[in-house]
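Shown next, in structure tokens, is the structure this report addresses.
In what follows, chains carry the letters A, B, and so on, assigned in the order in which the sequence lines appear, proteins first and then strands, with residues in each chain numbered from 1.
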Number of protein chains: 2
Amino acid sequence: MKKTARSRIIGKSRSVRPPIVRSRRTRCLLTHTVLERLMHYYICLSKYDPNIEWISSPHLAVQFRVDDTQVRKDLAVIGVKGRPNAGFRRSQILERIREFLGLGRSLKAVVVGVGRLGGALVAYRDFRELGLEIAGLFDNDPRKIGGSIAGLTILSTDGMKSFIRQRKIRIAILACPVFVAQILAHELVEAGIRAIWNFSPTTLQVPSGVFVRNEHISVGIGEIAYHLLPF
Amino acid sequence: MKKTARSRIIGKSRSVRPPIVRSRRTRCLLTHTVLERLMHYYICLSKYDPNIEWISSPHLAVQFRVDDTQVRKDLAVIGVKGRPNAGFRRSQILERIREFLGLGRSLKAVVVGVGRLGGALVAYRDFRELGLEIAGLFDNDPRKIGGSIAGLTILSTDGMKSFIRQRKIRIAILACPVFVAQILAHELVEAGIRAIWNFSPTTLQVPSGVFVRNEHISVGIGEIAYHLLPF
DNA sequence: GAAAGTTCGTGAAAATATTCTCGAATCTCG
DNA sequence: CGAGATTCGAGAATATTTTCACGAACTTTC
């Protein structure tokens with residue numbers, strides 16, 4: 001495809017394939033792959049026995065099924081220094097990842113679509129540890145509105161925009177049926193949402209500047225089926 | 001790290017970083033990245049308006065936020081031929097992906113750990129369309145055992161191994177708390193499970209030959225937080 | 001305190017993945 | 001039919017990611 005007018009207009013400008021963004025703190029760039037691995041480390045290391053403090057890259061390599069050089073490179077990127085013959089400090093790894101990714105400061109989010117999946121996400125414990133704070137629940141099913149999950153009341157999507165604007169919420173977790181996803185995404189963006197965590201199995205079209213992370217769970221089935229082909 | 005005895009023993013042998021596996025049908029290799037994109041295409045294209053049959057790579061590129069060459073390459077890998085000035089046949093894309101990934105034949109699975117997340121997965125509609133058939137639900141909480149979700153009764157984990165062996169089930173969806181994940185994974189492998197879809201936030205150590213896909217949902221928070229750093 | 005054994009840190013090399021370029025095929029419309 | 005617009009297909013060129021290789025740092029043990 002030549003760079004025709006049409007192709008230049010839509011998308012492409014931001015968050016294309018390897019979504020690279022400059023960190024505020026340093027000049028360093030974290031690529032998508034590094035980001036994913038760092039989170040993987042974080043999630044698992046934060047659940048380690050608190051007595052274990054020094055961890056070597058070969059140990060992490062086995063644990064996470066990556067190369068040990070990879071681990072060292074990843075940690076080097078976020079400025080974690082190791083000690084020869086000892087490894088890295090677990091607490092420092094966690095701290096630096098938190099800092100670098102901005103997990104510390106509380107991230108307010110709304111959940112849009114409170115079906116089974118949405119409900120599970122609202123109640124998911126690990127989110128709070130990571131700084132994600134769910135501030136509002138929305139659904140357009142009259143039978144659900146007024147109900148509550150994890151201490152939060154489910155509200156009508158009618159008041160969603162003003163709710164988000166008033167509280168300056170930047171993150172939306174979208175767990176609604178496919179056929180309303182795009183419409184809701186549009187509303188969310190209008191209300192000032194800057195990141196959509198999309199659990200509905202569609203692609204959303206959003207203006208550049210809005211970050212979308214697709215969490216298409218079914219993707220896993222593909223990989224599993226493929227790896228099971230010989231059986 | 002030199003290739004010492006220790007590092008050679010654990011892992012490394014199969015499904016390291018880019019989990020490449022040879023397809024039975026052709027000599028072609030699908031890498032992790034291609035696999036993910038193909039599933040992404042599949043999930044979204046299967047929900048398209050049935051009247052739309054011809055789709056061009058520039059169109060798909062905008063939709064999925066990838067390069068149009070990428071789309072063509074992906075489709076070439078699975079042997080989908082396009083037509084100049086028209087694009088590709090939607091039905092053919094879907095068919096070839098299904099064939100190539102082995103989505104057609106019904107894939108039996110058990111769900112282990114029926115909390116909120118496990119329950120949501122059991123009820124998740126799209127799974128069946130993709131060929132994933134949930135054959136059994138297991139939990140070790142006596143209050144849950146005997147209950148039912150989506151027409152399936154929750155059974156005790158005591159009988160899990162024989163259940164899996166008898167029905168020759170190959171896939172397990174693990175949605176249990178972290179502290180029992182490794183133990184259960186071990187049992188599952190003993191029972192003959194060949195692929196574990198791990199939703200618990202730990203890394204599992206399994207013998208080589210068993211495929212693990214980690215679905216650490218919280219990873220998404222990291223990416224979102226990072227992209228929201230400037231705000 | 002020297003020797004043996006780990007492990008970090010890093011630059012170079014290899015492997016993968018993505019994008020560019022452009023000729024050829026196909027359709028539309030006057 | 002011929003001009004113009006669109007799109008495929010494929011090889012070359014880039015860019016990114018992963019792995020290798022090895023010197024230096026640190027511990028432990030004799």
Kindly indicate, with the supporting measurements, whether the criterion side-chain hydrogen bond (donor to acceptor under 3.5 Å, both in side chains) is fulfilled by Tyr48(A) and Arg90(A). CA-CA 9 Å; Tyr48(A) 256 50; Arg90(A) 192 175 70 105; over 6 Å; no
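- Distance CH2 (Trp54(A)) to C1' (dC26(D)): 11 Å, rounded to an integer number of Å.
- Not one side-chain nitrogen or oxygen of Ser57(A) sits closer than 4.0 Å to the OP1 or OP2 atom of dT7(C).
- Here Thr31(B) reaches the OP1 or OP2 of dA17(C): one of its side-chain N or O atoms lies under 4.0 Å away.
- Atom NE2 of His32(B) and atom C1' of dT18(D) are 14 Å apart (whole Å).
- Among the candidates Leu188(B), Val210(B), Val189(B), Asn198(B), the single residue satisfying the side-chain contact (heavy atoms from CB on, under 4.5 Å) test with Leu204(B) is Asn198(B).
- If you take CG of Asp68(B) and C1' of dG9(D), they are 12 Å apart, rounded to a whole angstrom.
- Counting to the nearest Å, the C1' atom of dG9(D) and the CG atom of Asn85(B) are 15 Å from each other.
- A close approach under 4.0 Å does not occur between any side-chain nitrogen or oxygen of Arg83(B) and OP1 or OP2 of dG9(D).
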Chi angles and distances behind the side chain to side chain contact (heavy atoms under 4.5 Å, CB included) call for Arg170(A), Lys108(A): CA-CA 7 Å; Arg170(A) 296 279 169 267; Lys108(A) 280 184 292 183; over 6 Å; no
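- For Arg65(A) and dT19(D), the CZ to P distance is 14 Å, given to the nearest whole Å.
- Closest to the side chain of Phe88(B), out of dG9(D), dA25(D), dG9(C), is dG9(D).
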Could you walk me through whether Trp197(A) and Ile224(B) satisfy the side chain to side chain contact (heavy atoms under 4.5 Å, CB included) test, starting with their C-alpha distance in whole Å, then the side-chain angles of each, then the deciding distance to 0.1 Å, before giving a yes or no? CA-CA 8 Å; Trp197(A) 198 1; Ile224(B) 288 170; 3.6 Å; yes
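- If Lys73(A) and Ala86(A) are placed on DNA chain C by their nearest nucleotide, the residue sitting closer to the 5' end is Ala86(A).
- We find that CZ of Arg37(A) is positioned 8 Å from C1' of dT17(D), with the value rounded to whole Å.
- Put simply, Thr69(A) has no side-chain N or O that comes within less than 4.0 Å of OP1 or OP2 on dT19(D).
- Going from atom CZ of Arg72(B) over to atom C1' of dC20(C) covers 11 Å, rounded to whole Å.
- In this structure, a donor-acceptor pair under 3.5 Å is absent between the side chains of His186(B) and Gln205(B).
- Backbone-only contact: Lys81(B) has heavy atoms under 4.0 Å from sugar-phosphate atoms and none from a base.
- The CG-P distance, from Leu35(A) to dT17(D), rounds to 11 Å in whole Å.
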